[in-house]
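Counting convention: from 1, in listed order, for ligands and their atoms alike.
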Amino acid sequence: MKIAIGCDHGGIALKDVILPLLEKMGHQVDDQGTNSNVSVDYPLFAKTVCNLVADNTCERGILICGTGIGMSMAANRNPKIRAALCTEMFSARMSREHNNANVLCLGARITGPGLAEEIVRIWLNTDFAGDRHLRRIEMF
Ligand code: RB5
């Protein structure tokens, strides 16, 4: 699938791990930066990635900052985005099965690269369960 990815300076080290994983998994990646360690404002990257998901240019988005908190707050301001900040694998699965999350947020200063890779794999390979969960997300 086509996946937009973005990060701030706090997330760049983890983006450098996740992006090649996505490509290895056979996904098409639209990297919206940042691509240096210079301090940047995460809401700008959240907005860009979320717009690509909201207008269906990309099916999913992944946003990475230091904690994942700022990115998830900014992403969820877009009414078409259901962003989930995941720090472990159970939430990654449930955010897809029950919430049909279309954006995954990760915290590079919280979640190590090995766990982050597992979270991404699970999040991309889990389908939405629909049914009562569809009714609920339509109430947002
Ligand atoms: C940047 O220092 C940091 O505030 C940002 O990466 C993120 O953690 C915000 O939620």
Side-chain angles (χ1 to χ4, degrees):
M1 67 177 85
K2 196 165 174 195
I3 300 169
I5 192 166
C7 69
D8 71 354
H9 53 288
I12 192 161
L14 188 55
K15 179 162 73 77
D16 288 346
V17 171
I18 298 302
L19 199 151
L21 169 71
L22 298 173
E23 289 175 337
K24 213 166 75 186
M25 290 173 75
H27 298 294
Q28 193 186 337
V29 186
D30 183 348
D31 181 9
Q32 290 295 323
T34 188
N35 286 306
S36 85
N37 290 317
V38 175
S39 179
V40 291
D41 298 327
Y42 61 82
L44 302 176
F45 296 87
K47 255 184 203 161
T48 305
V49 165
C50 289
N51 285 339
L52 289 168
V53 176
D55 71 11
N56 293 316
T57 304
C58 294
E59 200 172 322
R60 305 268 189 92
I62 297 179
L63 290 167
I64 310 169
C65 63
T67 59
I69 296 170
M71 283 294 198
S72 64
M73 287 179 169
N76 279 311
R77 299 300 296 268
N78 184 320
K80 292 194 172 163
I81 296 302
R82 293 174 302 279
L85 169 56
C86 296
T87 57
E88 33 69 36
M89 293 180 278
F90 183 71
S91 299
R93 180 160 69 81
M94 296 311 282
S95 77
R96 290 288 312 133
E97 270 185 28
H98 285 195
N99 313 112
N100 200 16
N102 53 7
V103 169
L104 171 67
C105 299
L106 295 167
R109 296 172 184 156
I110 308 283
T111 308
L115 177 56
E117 285 185 323
E118 278 308 298
I119 288 171
V120 167
R121 277 196 200 94
I122 290 167
W123 190 75
L124 288 172
N125 289 328
T126 305
D127 290 330
F128 180 44
D131 193 42
R132 66 188 185 282
H133 303 295
L134 176 62
R135 182 181 71 241
R136 289 167 186 162
I137 67 169
E138 283 175 347
M139 291 176 177
F140 290 3

Atoms of ligand 1, numbered as shown, that sit under 4.0 Å from any heavy atom of Arg109: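 Selected atoms, number and element: 1 (C), 2 (O), 3 (C).
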For atom 7 (C) of ligand 1, which candidate among Cys65, Ala74, Gly11 holds the nearest heavy atom?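 That would be Cys65.
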Under 3.5 Å: N/O of Gly66 near N/O of ligand 1: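 Yes; the residue has a nitrogen or oxygen that sits under 3.5 Å from a nitrogen or oxygen of the ligand.
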salt_bridge(Arg121, Glu118) N-O dist < 4.0 Å: yes
Relative to the heavy atoms of Asp8, which atoms of ligand 1 are at a distance of less than 4.0 Å?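 Listed by number with element: 1 (C), 5 (C), 6 (O).
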At their closest point, which heavy atom of Lys15 faces which heavy atom of Pro20, and how far apart are they?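 In terms of heavy atoms, the two residues are closest at O-CD, 4.1 Å.
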side-chain hydrogen bond (donor to acceptor under 3.5 Å, both in side chains) involving Gln28 - partner list, sequence neighbours excluded: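 Testing Gln28 for side-chain hydrogen bond (donor to acceptor under 3.5 Å, both in side chains), a comparison that skips the adjacent residues, returns none.
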Just heavy atoms, cut-off under 4.0 Å: does Met71 contact ligand 1 by side chain, backbone, both, or neither?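 The answer is neither; Met71 stays 4.0 Å or more away.
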Under-4.0 Å heavy-atom contact with ligand 1, by part of Thr67 that carries it: both
Show which atoms of ligand 1 fall inside a sub-4.0 Å distance from at least one heavy-atom site of Tyr42. 9 (C)
Report, in ascending order of atom number, the atoms of ligand 1 lying under 4.0 Å from any heavy atom of His9. 1 (C), 2 (O)
What do you think, any protein heavy atom under 4.0 angstrom from atom 2 (O) of ligand 1?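 Protein heavy atom within 4.0 Å of atom 2 (O) of ligand 1: present.
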Is there at least one pair of N or O atoms, one from Gly10 and one from ligand 1, spaced under 3.5 Å apart? no
Hey, could you give me the NZ/OG1 distance between Lys2 and Thr57, rounded to the nearest 0.5 Å?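 Going from NZ on Lys2 over to OG1 on Thr57, the span is 6.5 Å.
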Taking every non-hydrogen atom, the tightest pair across Cys58 and Ile3: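 That closest heavy-atom pairing would be SG-C, 4.2 Å.
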Atom pair OG1 (Thr48) and CG (Leu63), whose distance is rounded to the nearest 0.5 Å: 9.5 Å
Nearest protein heavy-atom contact for atom 10 (O) of ligand 1: which residue, which atom, what distance? Gly70 N, 2.9 Å
Option passing side-chain contact (heavy atoms from CB on, under 4.5 Å) with Asp31 (candidates Val49, Leu22, Ile5): Ile5
Any chance you could lay out the side-chain contact (heavy atoms from CB on, under 4.5 Å) test for Arg96 and Phe128, step after step, and finish with the verdict? CA-CA 5 Å; Arg96 290 288 312 133; Phe128 180 44; 4.3 Å; yes
